[in-house]
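The next block holds one structure in the form of structure tokens; read it before the comments.
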Amino acid sequence: MSISPSSSSGKNKSPQVSAGLDHLETRLSDLGWLPSPRVRSLNRFGLNTLEDLLTHFPRRYEDRREFDRFPRDETEKPVCICGNVIKTASKRFQGWRFLFEVTLQETAADGSANVLSGQIVCRWYNVHFVKKMIAEGQRLVVYGRPRRRGRTLVIEHPEFEVVEPDAEASIHLRRITPIHPATEGITARMLRGWIHRLLADLPDLPSPLPPGLAGVPYAEALRAIHFPENWEELHRARRDLVLAEFFQMQLFVVAKRAEVVLRPGLSHCGPGRLVEAFQRQLPFPLTGAQARAIGEIRADLAAPRPMNRILHGDVGSGKTVVALSAMLLAVEAGFQAAIMAPTQILAEQHYLHFKHWLEPLGIRVALRTGSRKEESALPLFDEQAWNTAVREGDHARRAELLKRSGGDEPQIVVGTHALLYEGVSLPRLGLAVIDEQHKFGVLQRAALTRHASVPDVLVMTATPIPRTLTMTLFGDLDVSTLDELPANRGKIITAARDASKLPDAIEFIKKYLAQGRQAYVVYPLIDESAKMEAKAAAAEFEKWQAVLSPHRCELLHGRIAPEEKDAIMERFRRNESQVLIATTVIEVGIDVPNATLMLIENAERFGLAQLHQLRGRVGRGSHKSYCILIHAADTPEGLEKMKTLEATSNGFEIAEADLRLRGPGDLLGTDQSGLPPLKIGDVLADTELMQLARTTAQQLFAADPELAWPENLRFRKSLAEKRKLALAHVS
Ligand code: ADP
Ligand code: MG
């Protein structure tokens with residue numbers, strides 16, 4: 001290994017230190033040699049134990065065996081250079097701006113003091129602490145992209161490290177040097193030193209992988225990931241560590257899946273007469289895709305094992321009808337069905353639609369959201385008789401009991417996602433539909449399966465999730481896809497325009513308003529605080545009302561009281577108001593076919609998927625629709641976002657572009673899943689390792705379902721810890 005035995009940690013090794021190192025759970029404060037202010041900073045950074053620090057992986061590496069030559073011109077790729085500080089200067093300008101400038105002189109790449117001809121300027125704006133760190137005569141390692149600024153070649157806000165002429169130079173220089181994620185009070189250089197010291201004392205560690213899977217011993221992989229001798233070694237170490245991380249995750253997922261499958265499920269499917277009646281009264285025929293999805297769901301509902309299905313369908317593809325059909329099948333079998341929407345407005349809208357469609361069929365629908373319950377307690381319900389009917393599989397009797405319950409027991413419950421957390425008891429729940437789920441935390445599902453008998457679960461989303469991700473978080477999830485839009489859809493034309501073109505856009509909108517169409521104007525929330533939001537909204541509203549008069553505008557945002565929101569939506573639906581000035585509260589589900597125009601302000605501030613969702617509010621009738629994106633995008637990513645939206649309205653293509661632009665983090669929603677975020681694995685790039693981790697976890701469980709074999713006890717332990725974490729998250 002490259003770690004030199006002469007490093008400082010080797011010299012003053014104390015007995016306690018080695019003792020502590022045997023236990024990865026040892027707290028950093030107990031190591032004895034980390035100064036306590038630093039320990040506090042590390043703790044704030046989420047690093048508490050030895051293991052935390054050892055698995056605090058580098059975010060990149062610099063090959064400091066051979067620095068780049070000083071660039072002569074701009075480059076796209078960042079350079080990593082080393083040179084002497086020959087001048088520093090600081091100045092104030094524009095009253096409050098502050099500039100700190102460092103001129104670097106190139107020295108020979110071999111680390112000798114020989115001066116070469118290259119020079120470059122490093123600049124920092126408004127970062128005062130840098131000035132305190134850099135002085136003339138020092139040597140600096142600098143990493144960044146050189147840019148031409150007039151006649152000078154400049155690196156703005158480079159990453160840098162001062163080369164200290166100390167005994168630890170061998171840790172930081174002339175090697176492939178790890179750059180660890182740093183934080184306030186903790187530099188990458190400090191982290192490197194500490195981790196180096198820990199590694200030097202590290203004894204053999206038990207492998208986090210089952211036998212035969214790891215390429216090198218665990219301690220060896222940890223050494224090589226932080227201080228690789230060469231790139232191949234780094235690559236091998238990374239493979240082992242990614243695999244170990246995925247394996248831990250898959251243990252959790254597979255265990256969860258096994259648990260759910262083992263729980264006695266019930267058949268939640270009636271004979272289908274209600275569904276037929278419902279579909280007959282629809283003013284349109286189902287699309288082929290809708291009929292197919294309903295068929296797939298029906299088969300799941302009928303089977304006694306719990307359904308675990310996701311329904312993908314672009315905005316406007318008609319997911320609600322599919323959900324309703326599924327819910328009616330469950331109702332007919334004598335169960336309750338619930339649908340949970342992400343926002344109050346959407347829940348209320350579902351509620352109104354459902355009442356309209358279902359009350360003629362004699363179905364009771366209830367709304368339960370955080371702020372109000374349109375439904376009272378259930379005193380008359382014969383719980384015992386119902387339970388007996390469940391045991392005996394008598395769905396006619398169950399349906400009868402629910403129906404007879406004095407008009408109090410709802411058969412269909414509409415609510416927000418909060419229904420899941422607020423401990424609302426739905427003891428007769430047979431089917432739970434989770435609508436417009438953009439993030440796929442395992443959390444909600446965990447909450448649902450707390451109920452006595454496992455309900456069937458249908459998750460609906462307009463965001464297609466790559467196969468790797470569904471596999472990652474749910475084990476195998478069944479998927480139905482609505483790949484066909486209803487036939488009567490008008491086209492949506494999308495145009496991205498620079499902010500200076502806003503007046504043209506307003507004229508355009510006025511033209512269509514004059515023809516009787518309606519419009520949405522969406523603006524991003526500028527400030528989260530209630531007071532600011534109300535103020536910003538009011539200002540927006542006045543601006544628009546003034547330019548669009550005599551057409552009537554109304555304002556809709558998250559802080560408006562629910563009753564008032566209803567009234568506003570209702571007036572818009574009835575075309576008593578023509579323009580809705582709104583925040584993203586209209587993002588999902590609102591459905592007014594005559595609204596064919598949408599203008600989105602500051603579109604660059606929204607995510608791609610979100611813009612697509614917003615745009616889905618128009619194009620719901622047979623008229624041609626328009627979406628105008630007013631933006632101030634000036635980054636390549638921002639511009640690509642706008643181009644993508646202009647080029648396609650296909651949700652799958654957009655989701656892919658989004659994934660490319662932003663990575664999977666948002667989609668995974670690990671922060672709400674209860675699982676810690678991945679530290680090293682990349683679910684998109686490391687698909688094969690994920691697959692391997694998955695089969696390994698499955699085989700392990702198949703052979704030893706209780707993880708009771710001595711060699712599996714360590715996995716059982718880590719699983720129990722993950723469970724604890726996830727549960728702590730739920731409650
Ligand atoms: P989403 O998939 O975005 O949730 P919705 O379920 O809200 O879409 O459906 C959008 C609109 O399309 C609704 O007005 C709905 O009544 C209508 N719709 C659904 N299915 C069809 C169909 N087969 N033919 C015509 N219109 C349909
Ligand atoms: Mg919908």
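For ligands, and for the atoms within them, numbers begin at 1 and follow the listed sequence. Residue numbers count from 1 along this sequence. Everything numeric in this text was worked out from a predicted model, so none of it was measured.
Between Glu601 and Lys543 there is a salt bridge, since at least one side-chain N of the basic residue sits less than 4.0 Å from a carboxylate O of the acidic one. A salt bridge links Glu554 with Arg571; the closest basic N to acidic carboxylate O contact falls under 4.0 Å. Ion pairing between Lys641 and Glu604 fails under the 4.0 Å rule for side-chain N and carboxylate O. Ion pairing of Glu570 with Arg574 is present here, as a side-chain N (NZ or NE/NH1/NH2) and a carboxylate O approach within less than 4.0 Å. Of the charged side-chain nitrogens involved, none lies within less than 4.0 Å of a carboxylate oxygen, so that Lys643 and Glu646 do not count as a salt-bridged pair.
At least one heavy atom of Asp314 sits under 4.0 Å from some atom of ligand 1. Using a 4.0 angstrom heavy-atom cutoff, Gly313 does not count as in contact with ligand 1.
Some N or O of Thr320 is nearer than 3.5 Å to an N or O of ligand 1, by distance alone. For ligand 1, the polar-atom distance check against Trp357 finds no nitrogen or oxygen pair separated by under 3.5 Å.
Under 4.0 angstrom from ligand 1, the non-hydrogen atoms of Leu286 all belong to its backbone. Contact annotation for Met460 and ligand 1: no heavy atom of the residue comes within less than 4.0 Å of the ligand. Only the backbone of Pro285 comes within 4.0 Å of ligand 1, judged by heavy-atom distances.
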